[in-house]
Amino acid sequence: MSHPLNLMIEHMLRQKESEGEFDNLPGSGRPIEGLSDGATSVHDRVLRESGAKPVPVLLNIEIAAIRDRLAAASDPQERKALMKELADKQTRLAIEIEAYGKYD
């Protein structure tokens, strides 16, 4: 599903192009560096440069830690609480992954 503003933005770009607003721009006709590489998108670059991690990555780290604690737990009540926590994190992970793919 495309964003609702895409149609308006495309219309405005076509209008400006027909008015010659994009004629004789610096670098016109040359490829944009790194554009074909998905890893250099603005979003990815900002995350990488700031050291931030996307929510699904953080959730995967938390899930691994819960699994480790679950493997070491022997008390039935503790295991039950950890299994609930694990299920909650896995549900949240599924929701986050779906949200990330929603606007592709």
Side-chain angles (χ1 to χ4, degrees):
M1 180 174 167
S2 65
H3 194 278
L5 293 177
N6 283 355
L7 186 60
M8 183 179 72
I9 292 168
E10 287 175 22
H11 173 73
M12 291 174 70
L13 285 172
R14 274 189 245 111
Q15 180 182 358
K16 293 296 181 184
E17 185 178 29
S18 69
E19 294 171 359
E21 292 286 328
F22 302 127
D23 294 349
N24 302 318
L25 290 175
S28 179
R30 292 191 310 244
I32 300 173
E33 289 183 32
L35 187 62
S36 62
D37 184 8
T40 59
S41 72
V42 173
H43 179 260
D44 291 341
R45 193 179 83 217
V46 168
L47 287 175
R48 188 175 55 252
E49 289 175 358
S50 68
K53 293 185 172 108
V55 173
V57 171
L58 296 173
L59 286 170
N60 272 321
I61 293 168
E62 291 177 23
I63 287 170
I66 295 169
R67 285 185 176 145
D68 290 344
R69 291 187 355 236
L70 184 60
S74 57
D75 178 54
Q77 293 289 54
E78 182 184 2
R79 289 184 58 78
K80 184 176 180 180
L82 286 170
M83 289 190 318
K84 181 186 179 320
E85 186 180 356
L86 180 61
D88 290 345
K89 293 288 182 186
Q90 288 172 326
T91 301
R92 178 145 182 241
L93 175 62
I95 291 168
E96 291 292 336
I97 289 172
E98 183 178 337
Y100 266 80
K102 196 172 201 172
Y103 296 105
D104 283 347

Are there more than 12 heavy atoms of other residues, nucleotides or ligands under 6.0 Å from atom [atom1] of [X]?
X: L25; atom1: CG; value: yes
X: Q90; atom1: CD; value: yes
X: R92; atom1: CZ; value: no

Problem - Considering all heavy atoms, the nearest I66-L82 contact - result: CG2-O, 3.7 Å
Fill in the blank from the handout: When rounded to the nearest 0.5 Å, the distance separating CD of E96 from CD of E98 is 10.5 Å
Exercise for the section: Look up atom CZ in R79 and atom CE in M83, then write down how far apart they are to the nearest 0.5 Å. Expected result: 6.5 Å
Can you give the donor-acceptor pairs under 3.5 Å from side chains of residues 53-65 to other protein atoms, not counting sequence neighbours?
from	atom 1	to	atom 2	distance (Å)
N60	ND2	P56	O	3.4
E62	OE1	K89	NZ	2.6

Exercise for the section: State, with a plain yes or no, whether a side-chain heavy atom of H11 is found less than 4.5 Å away from one of M8. Expected result: no
Exercise for the section: Evaluate the side-chain proximity of D88 to K84: yes if any heavy-atom separation is below 4.5 Å, no if none is. Expected result: yes
Exercise for the section: Return the set of residues passing side-chain contact (heavy atoms from CB on, under 4.5 Å) with D75 (not counting sequence neighbours), or none when no residue passes. Expected result: Q77, E78
Completion exercise
A81 meets the side-chain contact (heavy atoms from CB on, under 4.5 Å) criterion, sequence neighbours left out, with none
